[in-house]
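One structure is given here, and the rest of the page talks about it.
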Amino acid sequence: MQYLTIASAILGSALLASAAPTPADLNARACSVAYPQSIGFPINYSISQDAGAANKRDDAITFDNIPAGSYGCQLEVNFPAGYPITSSGNSQVYFWSGTGASKEQVGTVNFASSPVAATKFVINSFTCAPTMSYTMSIGSETDAGSVAFADTKDAGITMTYNC
Ligand SMILES: *[C@@H]1O[C@H](CO)[C@@H](O)[C@H](O)[C@H]1NC(C)=O
């Protein structure tokens, strides 16, 4: 009889525990967002090259404030409807990580907004690190191209994590 009472008491508390979300569960569902390191906003990104990949103008982007122990880092681009972006020629941008022999292409994007809807591009997902750096460069080996936009906290490139 005593065993039965203890068993139902344990069962009862286990059910309660699984039914009621704890504050930690609720926090885990909201993503955190990191913005690129900058002396100020907007960041005026301007990426271009002439034909034959001459006169390349690349932009660096660094996230230097990802808390230790963060998980699920996702590099994203978000633009509100109608966000102004200037482009010409072949404006596909490649994202690179690392330098020299460890240089690796990690994603591509055509920076573009829609006149009628918000747009979102996922460039790639990464293991989080306190500092994450990339280089943005026109991808074509032959074509001239350029793209420029003002990156703010409401438009442009972010790293989301802990989703
Ligand atoms: C970007 O350009 C705007 C407009 O010219 C300027 O106010 C802003 O300071 C520039 N951003 C940076 C980080 O220099």
task: Apply side chain to side chain contact (heavy atoms under 4.5 Å, CB included) to Met136 and Asp58, showing your working.
output: CA-CA 6 Å; Met136 299 182 289; Asp58 296 343; over 6 Å; no
- prompt: Other than Tyr94, what residues sit in its cluster of Ile, Leu, Val, Met, Phe, Trp and Tyr side chains whose heavy atoms are under 4.5 Å apart, directly or through others?
  reply: Trp96
message: Contact between Met132 and Cys73 at the side-chain level, heavy atoms closer than 4.5 Å - yes or no?
response: yes
Please tabulate, for the side chains in residues 80-92, all donor-acceptor contacts under 3.5 angstrom to protein atoms that are two or more places apart in sequence or on a different chain.
unit_1, atom_1, unit_2, atom_2, d
Tyr83, OH, Ala150, O, 2.5
Ser88, OG, Ser146, OG, 2.7
Asn90, OD1, Gln92, N, 3.3
Asn90, ND2, Asp143, OD2, 2.9

- prompt: Hey, mind stepping through Ile66 and Met159 against side chain to side chain contact (heavy atoms under 4.5 Å, CB included) and telling me if it holds?
  reply: CA-CA 9 Å; Ile66 313 287; Met159 189 72 81; 4.0 Å; yes
Side chain of [X], backbone of [Y]: donor and acceptor closer than 3.5 Å?
X      : Y      : value
Lys120 : Glu76  : no
Thr158 : Thr160 : no
Thr62  : Asp64  : no
Asn78  : Ala155 : no

message: One pair to check against side chain to side chain contact (heavy atoms under 4.5 Å, CB included): Phe41 and Lys153. What are the steps and the verdict?
response: CA-CA 8 Å; Phe41 286 86; Lys153 294 201 170 176; 3.6 Å; yes
message: Apply side chain to side chain contact (heavy atoms under 4.5 Å, CB included) to residues Leu75 and Phe95 and explain how you reach the verdict.
response: CA-CA 10 Å; Leu75 188 59; Phe95 276 70; 3.7 Å; yes
query: Taking all atoms of both residues into account, what is the closest heavy-atom pair of Thr119 and Ser113, and its distance?
result: OG1-CA, 3.9 Å
message: Strictly by ring-ring contact (aromatic ring centres under 6.0 Å, His included), give each pair with a member in residues 120-163 just once, sequence neighbours left out.
response: Tyr45-Phe149, Phe79-Phe149, Phe111-Phe149, Phe126-Tyr134
No-hydrogen, no-angle side-chain donor-acceptor test under 3.5 Å, Ser140 and Thr142: yes
